[in-house]
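Presented below is the structure to which this report refers.
No experiment lies behind these values; they were computed from the predicted model shown.
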Amino acid sequence: MKMAVYFVSGIDTDTGKSIVTGVIARTLRQKGVNVITQKFIQTGCKGISEDILKHREIMGIEPEEADREGLTCPYVMTYPASPHLAAEIDGVHWDRQVIHRATEKLLQQYELVLLEGAGGLYVPVTREYLTIDYIQEHHYPLILVSSSKLGSINHTLMSLELCRWRGIQVSHVIYNDFPNDSEQIKQDSIRVIRDYLEKYFPCCELWEMPVVEGKQWPELPITWKEK
């Protein structure tokens, strides 16, 4: 890893983005990197983002002052829906500069920010603006979380095709083994994804994250150098 901000997105909802984000942060923190996680937008809760709290649990730390200040998730909405609809229901006027300024403030305190999105790349934030638009606008390298759920090959390759079309750098694909219903399907899926990456994203790293047992958080083969 070479840049200060990485955007973490999934091929769909419930791919394990929050767990993966927390595990990456935990691994890097154990290697001495001053890392923080941020949530793009949180829906379906109140107060501090529940995904941020999950990150802190995995990292083995208490909520940070930046969490209490709202820097790590400036928009928390109560209705459990796509951000554009949750904002309309809660009467929230969304300003993407608020999120960007929060990220910039975090970069004054931390070496690395892992910015976790909501759902997949084409999740609408407003009626006219998608999550992928934000990634493209800020030129963030992407960590894409795939999974072993049925349909993951299709969703993974489509997400990667969108990144090719948009000119987005995909730095890592994380294949989340959960639920790992079939070892044969898992191994074949990884092979298909790896073959695609070698052809179109030769600099992208593919990591496999094993199923988490209880709170036995795995360690990923991550290295990071300050830019």
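Using cut-offs of 30° and 60° on the angle between ring planes, the pair H138 and Y140 is parallel.
Using a 4.0 Å cut-off between charged nitrogen and carboxylate oxygen, E104 and R101 do not count as a salt-bridge pair. The residues K105 and E69 are annotated as not salt-bridged, no charged nitrogen and carboxylate oxygen being separated by less than 4.0 angstrom.
Judged purely by distance below 3.5 Å, without hydrogens or angles, the side chains of Q187 and E183 pair a donor atom with an acceptor atom. The closest side-chain donor-acceptor pair between T103 and Q38 falls under 3.5 angstrom. Checking E205 against S171 by side-chain atom types alone, no donor-acceptor pair falls below 3.5 Å. Between the side chains of Q169 and H139, no donor-acceptor pair of N or O atoms lies under 3.5 Å. Counting only N and O atoms by type, the side chains of T72 and D67 include a donor and acceptor under 3.5 Å apart. Checking S146 against T156 by side-chain atom types alone, a donor-acceptor pair falls below 3.5 Å.
The environment of OH in Y129 is crowded: more than 12 heavy-atom neighbours from other residues, nucleotides or ligands sit within 6.0 Å. Within 6.0 Å of CD on Q216 lie no more than 12 heavy atoms contributed by other residues, nucleotides or ligands.
A side-chain hydrogen bond (donor to acceptor under 3.5 Å, both in side chains) with D51 is found for one member of K39, R56, K17 and no other, namely K39. Put simply, the residue from L106, L112, L107 that forms a side chain to side chain contact (heavy atoms under 4.5 Å, CB included) with V5 is L107.
Residues M209 and Y175 are not in side-chain contact: their nearest non-hydrogen atoms beyond the backbone lie 4.5 Å or more apart. In this structure, the side chains of P83 and W94 stay at 4.5 Å or more apart for every pair of heavy atoms. Between T21 and I143, the closest side-chain pair of non-hydrogen atoms is not below 4.5 Å. Considering only heavy atoms from C-beta on, K215 comes within 4.5 Å of E57 through its side chain. In this structure the side chain of Y196 never reaches within 4.5 angstrom of the side chain of R191, judged on heavy atoms. In this structure, L142 and Y6 have side chains that are not in contact, with every pair of non-hydrogen atoms separated by 4.5 Å or more. Contact of the M77 side chain with the K46 side chain is not registered, since no non-hydrogen atoms from C-beta on lie closer than 4.5 Å.
Tracing side-chain contacts under 4.5 Å through hydrophobic residues (I, L, V, M, F, W, Y), one reaches I222 starting from V20; they form part of the same cluster. Cluster annotation: I135 and L157 are assigned to the same hydrophobic cluster (Ile/Leu/Val/Met/Phe/Trp/Tyr, side-chain heavy-atom contacts under 4.5 Å, transitive). Placement of F7 and Y122 within a single hydrophobic cluster is found when ILVMFWY residues are connected by side-chain heavy-atom separations under 4.5 Å, directly or transitively. Residues I52 and V76 do not share a hydrophobic cluster, defined by chaining ILVMFWY side chains whose heavy atoms lie under 4.5 Å apart. Following chains of ILVMFWY side-chain contacts shorter than 4.5 Å, one cannot reach I132 starting from M158, and the two form parts of different hydrophobic clusters.
Between P74 and I99, the shortest heavy-atom distance links the atoms CG-CA, 4.2 Å. The two atoms that bring L121 and T131 nearest to each other are O-CB, 3.4 Å, heavy atoms only. Of all the heavy atoms in K149 and D14, the pair that sits closest is NZ-O, 3.4 Å. Of all heavy-atom pairs between N34 and Q109, the closest is ND2-O, 2.9 Å. When all heavy atoms of P80 and T43 are compared, the pair lying nearest together is CA-OG1, 4.3 Å. Of all the heavy atoms in D177 and S148, the pair that sits closest is O-OG, 2.7 Å.
Considering only residues two or more places apart in sequence or on other chains, T13 meets the side-chain contact (heavy atoms from CB on, under 4.5 Å) condition with none of them. Annotation: side-chain hydrogen bond (donor to acceptor under 3.5 Å, both in side chains) contacts of E65 (sequence neighbours excluded): R68. Checked against side-chain contact (heavy atoms from CB on, under 4.5 Å), Y79 has the following partners two or more places apart in sequence or in another chain: A81, A86, I89, D90. By the side-chain hydrogen bond (donor to acceptor under 3.5 Å, both in side chains) test, S49 is found to be paired with Q42, residues two or more places apart in sequence or in another chain being considered. Not counting sequence neighbours, the partners of E88 by the salt bridge (charged side-chain N to carboxylate O under 4.0 Å, His left out) test are R127.
We find the CD1-OG distance between I193 and S152 to be 5.5 Å, quoted to the nearest 0.5 Å. The CG atom of L53 lies 8.0 Å from the SG atom of C45; values are rounded to the nearest 0.5 Å. We find the OH-CG distance between Y200 and D195 to be 11.5 Å, quoted to the nearest 0.5 Å. To the nearest 0.5 angstrom, K186 atom NZ is 4.0 Å from E208 atom CD. Rounding to the nearest 0.5 Å places CG of L162 at 8.5 Å from CD1 of I168. Taking CD1 of I11 as the reference point, atom OG of S159 lies at 6.5 Å (rounded to 0.5 Å).
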Quiz item: L130 and V125: side chain to side chain contact (heavy atoms under 4.5 Å, CB included), yes or no, with the steps?
Solution: CA-CA 5 Å; L130 306 172; V125 182; over 6 Å; no
Exercise. Mind running side chain to side chain contact (heavy atoms under 4.5 Å, CB included) on L114 and I24 for me, showing each step along the way?
Key: CA-CA 9 Å; L114 298 172; I24 294 174; 3.7 Å; yes
Exercise. Verify side chain to side chain donor-acceptor pair (under 3.5 Å) between E116 and T37, making sure each step is shown before the conclusion.
Key: CA-CA 7 Å; E116 181 195 340; T37 61; over 6 Å; no
Practice problem: Any chance you could lay out the side chain to side chain contact (heavy atoms under 4.5 Å, CB included) test for L115 and V8, step after step, and finish with the verdict? | Solution: CA-CA 6 Å; L115 176 52; V8 183; over 6 Å; no
Practice problem: Show your working on ring-ring contact (aromatic ring centres under 6.0 Å, His included) between Y75 and F40 and close with a plain yes or no. | Solution: CA-CA 8 Å; Y75 289 105; F40 186 48; 9.0 Å; no
Exercise. Applying side chain to side chain contact (heavy atoms under 4.5 Å, CB included), run through F201 and V173 and close with a yes or a no.
Key: CA-CA 10 Å; F201 292 91; V173 172; over 6 Å; no
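Annotation: cation-pi pair R96/Y134 absent, no NZ/CZ under 6.0 Å from the ring centroid and within 45° of its normal.
For S182 (side chain) and I185 (main-chain N/O), a donor-acceptor pair under 3.5 Å exists by modelled atom type.
Note on residues 13-37: no pairs pass ring pair (Phe, Tyr, Trp, His ring centres under 6.0 Å), not counting sequence neighbours.
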